[in-house]
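No experiment lies behind these values; they were computed from the predicted model shown. Note: hydrogens, waters and symmetry copies are ignored here, and every other heavy atom, side chains too, is used.
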Amino acid sequence: MSAFRSIVFSAVVAGGLVGAVITVAQQFGTVPLIAKGEVYEKAADEAAAKSAAAAPAAHQHGEHEQGEHVHAESAWEPRQGLERNSFTAAANILTAIGFALVLAGIYALRGAVTWHEGLLWGLSGFVVFTVAPGLGLPPELPGVPAAPLGPRQIWWVATAAATAAGLALLLLRRSPWTAVAGLCLIALPHVVGAPHLEDVHTDVPEALSRRFAVAVTLTSLLFWVLLGSLTSIAYRRFSAA
């Protein structure tokens with residue numbers, strides 16, 4: 001029971017701190033770029049609406065009904081400003097706490113680890129959840145067309161799982177065969193390839209998309225470095241107490 005309390009308390013403390021820090025970092029890094037991407041997305045939507053309005057009457061009627069159907073099924077979005085930032089902060093904190101629970105559980109199984117070891121576990125999480133999936137599916141701004149969500153989610157989850165298993169074989173099992181198997185697992189999702197659209201047309205500048213991918217990657221790196229080290233420090237403190 002004491003170990004369970006240490007896991008939960010350390011995850012809540014470390015996750016809360018990291019989620020708050022990442023929320024602030026996003027306000028200066030990714031949020032301004034997302035706002036620029038949404039400008040292009042709205043412009044594309046307005047152009048599509050004008051094109052539909054210029055179509056023949058029968059076609060226009062069908063498009064109008066389809067547009068109403070899509071609008072009716074569109075997802076709810078928080079308002080700009082405090083409401084949107086609050087939901088973003090809550091999502092970041094809950095995500096950080098969830099991953100911190102996993103890390104704290106690992107630390108409990110291996111015995112209390114130092115912050116250096118926690119940093120290495122955090123970097124492993126960065127490779128598994130950011131670097132490997134990002135090689136096939138880089139972060140995309142609003143207004144950039146993408147393949148259907150379902151296949152992309154399946155590929156992302158499979159890539160993260162294969163990378164985690166491959167790293168475990170490479171780092172936790174020291175033998176030539178497990179090293180080869182680990183490398184094969186890491187490479188397999190990229191050999192299969194991520195789902196992409198054959199023809200992509202967007203008004204979003206390529207330079208803006210590259211800046212967004214870099215900003216997301218750096219923010220994720222900060223997230224995992226802080227989460228791995230702070231969770232290890234918090235777990236050692238609570239387990240010692």
Side-chain angles (χ1 to χ4, degrees), residues 22-92 95 126 129-160 189-223:
I22 292 303
T23 300
V24 174
Q26 287 175 340
Q27 298 303 313
F28 297 96
T30 59
V31 171
L33 299 177
I34 292 174
K36 292 181 180 179
E38 288 175 343
V39 172
Y40 291 97
E41 183 180 39
K42 292 178 181 178
D45 291 341
E46 292 175 358
K50 291 180 180 178
S51 177
H59 179 69
Q60 180 181 2
H61 179 69
E63 291 290 336
H64 178 68
E65 291 181 348
Q66 182 181 5
E68 288 182 344
H69 179 69
V70 172
H71 178 73
E73 294 184 353
S74 60
W76 172 85
E77 294 182 359
R79 292 188 297 270
Q80 294 287 346
L82 179 61
E83 183 176 352
R84 184 170 182 175
N85 293 336
S86 298
F87 277 96
T88 300
N92 288 335
T95 301
F126 172 68
F129 295 105
T130 300
V131 176
L135 291 176
L137 292 175
E140 295 173 342
L141 280 168
V144 178
L149 181 61
R152 286 187 291 137
Q153 287 180 326
I154 293 173
W155 187 89
W156 192 97
V157 172
T159 301
H190 305 284
V191 174
V192 174
H196 289 286
L197 296 176
E198 295 182 0
D199 185 18
V200 176
H201 174 72
T202 178
D203 294 328
V204 179
E206 185 177 353
L208 186 63
S209 295
R210 287 198 298 267
R211 286 176 56 194
F212 180 69
V214 171
V216 170
T217 302
L218 292 178
T219 303
S220 180
L221 177 61
L222 177 64
F223 173 89

Engineer: Which pairs count as salt bridge (charged side-chain N to carboxylate O under 4.0 Å, His left out) when at least one residue sits in residues 23-39, sequence neighbours excluded?
Structural biologist: E38-R84
Engineer: Please answer whether the main-chain N or O of G136 pairs with a side-chain N or O of H196 as donor and acceptor at a distance below 3.5 Å.
Structural biologist: yes
Engineer: With sequence neighbours excluded, what pairs up with A89 under the side chain to side chain contact (heavy atoms under 4.5 Å, CB included) test?
Structural biologist: T23
Engineer: Hey, could you give me the OG1/CD1 distance between T88 and I22, rounded to the nearest 0.5 Å?
Structural biologist: 13.0 Å
Engineer: Work out which heavy atom in L222 is nearest to a heavy atom in A25; give both atom names and the distance.
Structural biologist: CD2-CB, 4.2 Å
Engineer: So E41 and V204, do their side chains get closer than 4.5 Å, heavy atoms only?
Structural biologist: no
Engineer: Suppose we screen for side chain to side chain contact (heavy atoms under 4.5 Å, CB included). Which residues come up paired with V31, at least two apart in sequence or across chains?
Structural biologist: Q26, Q27
Engineer: Mind checking what makes ring-ring contact (aromatic ring centres under 6.0 Å, His included) contact with F129, not counting sequence neighbours?
Structural biologist: F99, W224
Engineer: Tell me, which pairs form a side-chain hydrogen bond (donor to acceptor under 3.5 Å, both in side chains) where one or both residues lie in residues 204-222, sequence neighbours left out?
Structural biologist: T130-S220, E206-R210
Engineer: Do any side-chain atoms of residues 139-157 form donor-acceptor pairs under 3.5 angstrom with protein atoms, and if so which ones, sequence neighbours left out?
Structural biologist:
| unit_1 | atom_1 | unit_2 | atom_2 | d |
| --- | --- | --- | --- | --- |
| R152 | NE | A147 | O | 2.8 |
| R152 | NH2 | A147 | O | 3.4 |
| W155 | NE1 | P189 | O | 3.1 |
| W155 | NE1 | G193 | O | 3.3 |

Engineer: Could you please spell out the steps behind the side-chain contact (heavy atoms from CB on, under 4.5 Å) verdict for L208 and F212?
Structural biologist: CA-CA 6 Å; L208 186 63; F212 180 69; 5.9 Å; no
